[in-house]
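Just so we're clear, the structure is a prediction, and the values are computed from it rather than from any experiment. To find a chain, count down the sequence lines: A is the first, B the second, and so on, and within it residues start at 1.
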Protein chains: 2
Amino acid sequence: MAVTIRDVARACGVHVSTVSRTFSAPHMVNAETRTRVLSAAEELGYRPNRAARSLTTGRTGNLGLIVADLANPFFPPLIKAAQAAARARDYHLFVADTDEDPAKEEELVLAFSKQVDGVVLCSPRASNKALEKLVGTIPSVLVNRRLRGVTTVLMDVARGARTAMEHLAGLGHRRVALVAGPAGSWTSGEIRKAVADVPGLDTVVIGPNAPTEEGGTAVAAQVAAAGVTGVLAYNDLVAIGLIEGLDELGVSVPGDVSVIGIDDSITGRLYRPKLTTVAMPTADAGRMAVDLLITSMSAATLLETHLVVRETTAPPKGIP
Amino acid sequence: MAVTIRDVARACGVHVSTVSRTFSAPHMVNAETRTRVLSAAEELGYRPNRAARSLTTGRTGNLGLIVADLANPFFPPLIKAAQAAARARDYHLFVADTDEDPAKEEELVLAFSKQVDGVVLCSPRASNKALEKLVGTIPSVLVNRRLRGVTTVLMDVARGARTAMEHLAGLGHRRVALVAGPAGSWTSGEIRKAVADVPGLDTVVIGPNAPTEEGGTAVAAQVAAAGVTGVLAYNDLVAIGLIEGLDELGVSVPGDVSVIGIDDSITGRLYRPKLTTVAMPTADAGRMAVDLLITSMSAATLLETHLVVRETTAPPKGIP
DNA sequence: CTGAAAGCGCTAACAA
DNA sequence: TTGTTAGCGCTTTCAG
C-alpha cells in the first residue's frame, strides 16, 4: 500500500489534519511544523491521493479533451495549445480519441465524469439530443459545434470557405466542386451553406465523405467526371487524398484541376505541390476552450480563418 | 450535488450495498430487485463515481499513455492501437504529451498516479535514474526504452537502420551521413550503434538533433557540405525537413543525394517524392504495451522493422 | 495553531 | 439474497 497522510502524521507526531493543511493551506500551519511535515513527507515519499482529495473537495484538477481522431493532423496543434493553457492554470489535461464514433463520445464523457472537472469536446459527432444529455452531466465547452446554451469556440470556417471559393472564381474557374465532410459535422454544414451561392460559381456538392485521405481518394473519379476545374475539400487530408486519386487518373493538380484544402495542417504544408488551404486557428481554439472551461465563462467565440494560397490552385486550363 | 448511490437506494427502498452490488456484481442480486434498482438509477440519472470506487477497490479502470510529442506522426497509430487494446479489456486510456520535456514526464506520471492503474511511457527522455524512480511509483511499461527490470516493448530499429544503410551501399553509395535524433533517445542510440560499421560505407554522424522537421532543415547545409551522397535520418519528419532544406540549397533528392527516413509515417507516405523509410511496428507496440500492462506480465519484447523503398533513394550521381 | 470528528461515495466483509 | 458495519485517503468544520 502506498504511503498515506496518516503515515506522515505518525512519523512526525502530528495529526492528519495538520498534514493535510500543510499541503492544502500551508499558511495556516506553524512554519516549523510545516518544515517537519514536509521533510517527513519527502522522506517517506508521500504523494497526496488526488482521487481521495477529489472526493471531499469535489475538484480533481484535471480536464478532459475529446477529439474525433488523433491521427488527423488538425488536432495535435489544438491539443498542445489546450495542454499548455491547462498547465498554465495548474490543471492536467487528459486526451481521448473517439475514432469518429458518436457512441464512444458518450462513453468517454462518462468515463471522464468525476475524474475531471470539465471537458472540451472537439468537433463532436453526436446528435444534438445526445450532446445535450452529455453536456448536462459535466461542465463542457464545445469546439466547432453549436449547441443552445453551451459555451462554444467556433472557427469561422464559413468565411474561409467562401474566400477560398472566391479565390477560385477570381482565378477564372466557373464550375467547381465541394467535397463535403461527414454528416454529423458542424464544420461541414457551415461550409456547405457558405459556398452555396458564390457569385459566378456553379458548385456541385459531393459527399458526405470520411474526413480522411481515403475519403478524398474515394471520390476522385466522381470529381474527375463532374466537369469541374476547381475543388474545395473538407480538410487537408481529404484534399491530399483527392489529389493522389486524381493523379492516378492522370488528372494533374493544379494543371487540370485546382484543389483547396481546409486546416493548414503540417501534412498539407509539407505536401508537394504545397497545398492551398484555409488556415484554421486551431491553437487559439484549444487555448480558449480550456480558458473558458476553467473560468466557467459562458460564451460563444468565433475565431477568424484565412486563406493560404500555395501551389495547388491556378487558373483553369486554357485561361492564361 | 450529483445523484449518489444513496439517492438510488432511498428511491427504491433498498440499502446502498444492494445498489452497489447491482452495479459491481449483478448476479448476486435478485433479478426483480435488480431491475427495480436499475430503473430507479436510470430515472435519477445515477452515475457511479469512479473516483470513490477506486478508493475502496484500489482499481480505477484507467490507463495512462505518455508520449513526447502528439504532433509527431509516429505516435498517433501507436496511441490508437493502445486505445483499442485498452477498450477491448474494458479500460479507458488517457493520453498526455510531454513536449519532449523530461520534467513534464515526471510531473505527468505523478498526475496520473492514483488516477490510472498503470502507465505506458513511450520513448521517454528522462535519465535512467529519474525513470527508475518513476516506474517505481506505478505499474509501467516502456516503449522504445530499456531499463533493468521494467517491462519493455522495443522496436528493432537497429536492424532496420542497418538494412537502410545496406540499401544505400547496394545502390553504390560510399560516403553517407546519419542525421541523429535527440540525446536522451534510446532509438537514436541504437541507430548510431547499428550503422557504425556497415561494410563498404563511410558514415559521418550529424547531431544530436531535434526530432522534428526543423531539426532536419537545420542541418541541411551541414549535410550538403559533408560530401555525402546518402543520408539516414532519425525519423520521417527529420528526413522531410532535410529534403526541404536541401531543396532550398539547390540539392535535389534523390538526384544529388538519397534520403531515408524512419517510422513510415503518413506524412512520409504522402510526401513527394515519396519517402523511402524504415517501417516501425507502432500499432503492434501500442497494443502490446497495453496488453502487457494489463496482464502485469513482465517481458522484454522486440518487434521487427522493415525497409520500405520508395522514391527518395537512387544510385549516387554518375553511377547508372 | 492544532486536534477531534464527521463525512465525501463507494465497496467489502460479515451477519442475518 | 439483503442489510450492517467498517473503512478507502483526504478535507473541513468545530473546538480547544
Charged N-O contact under 4.0 Å between B:Lys80 and A:Asp69 | yes
Specify the separation, in whole Å, of atom CG of B:Asp7 and atom P of C:dC8.
-> 11 Å
Is it true that a side-chain atom of B:Arg36 and a backbone atom of B:Cys12 form a donor plus acceptor pair closer than 3.5 Å?
-> yes
Considering only D:dT2, C:dG9, C:dT11, which nucleotide approaches the side chain of B:Ala52 most closely?
-> C:dG9
A:Asn30, nearest nucleotide to its side chain (from D:dC10, D:dT2, C:dT2) | C:dT2
Atom CZ of B:Arg34 to atom P of D:dT1: distance rounded to whole Å?
-> 9 Å
Heavy atoms of other groups near A:Glu43 CD, more than 12 under 6.0 Å = no
Touch check for B:Arg50, heavy atoms < 4.0 angstrom, all strands: base, sugar-phosphate only, or nothing?
-> nothing
Can you tell me how far C1' of D:dT4 sits from CD1 of B:Ile5, to the nearest Å?
-> 14 Å
From the list D:dG9, C:dA4, C:dT2, which nucleotide is the closest neighbour of the side chain of A:Thr33?
-> C:dT2
Under 4.0 angstrom, heavy atoms only, what part of the nucleic acid is B:Val14 near: base, sugar-phosphate, or nothing?
-> sugar-phosphate
When the distance from CE of A:Met28 to C1' of C:dG3 is rounded to whole Å, what number comes out?
-> 14 Å
Which nucleotide sits closest to the side chain of A:Thr18: C:dG3, D:dG3, D:dT11?
-> C:dG3
Classify the side chain of A:Arg47 versus the base of D:dG9 as yes if they form a donor-acceptor pair under 3.5 Å and no if they do not.
-> no
B:Thr60 to B:Gln115 - nearest heavy-atom pair and separation | OG1-O, 3.4 Å
Report which part of the nucleic acid B:Phe23 touches: base, sugar-phosphate, or nothing (heavy-atom distance under 4.0 Å, all strands).
-> nothing
Can you tell me how far P of C:dT11 sits from CZ of B:Arg59, to the nearest Å?
-> 12 Å
Could you check which of C:dT2, D:dC10, C:dC10 has an atom nearest any side-chain atom of A:Arg6?
-> D:dC10
Between C:dA4, D:dC8, D:dG3, which one does the side chain of B:Thr56 approach most closely?
-> D:dC8
Testing D:dT11, D:dT4, C:dC10 for proximity to the side chain of B:His15, the answer is D:dT4
Candidate nucleotides D:dT12, D:dT2, D:dG9, ranked by approach to the side chain of A:Asn49 - the nearest | D:dG9
Do A:Arg125 and A:Glu105 sit within salt-bridge range, that is, some charged N less than 4.0 Å from a carboxylate O?
-> no
Is the shortest distance from a Lys or Arg side-chain nitrogen in A:Asp291 or A:Arg89 to a carboxylate oxygen in the other one below 4.0 Å?
-> yes
Kindly say if B:Ser20 contacts the phosphate of C:dT11, meaning a side-chain N or O under 4.0 Å from OP1 or OP2.
-> yes
Among the nucleotides C:dA12, D:dT11, D:dC8, whichever has the atom closest to the side chain of B:Leu55 is D:dC8
Residue pair B:Val16/A:Pro48 against DNA chain D: nearer the 5' end by closest nucleotide is B:Val16
Regarding the side chain of A:Ser17, the nearest nucleotide among D:dG3, C:dG3, D:dG9 is C:dG3
How long is the line joining CZ of A:Arg21 and P of D:dC10, in whole Å?
-> 15 Å
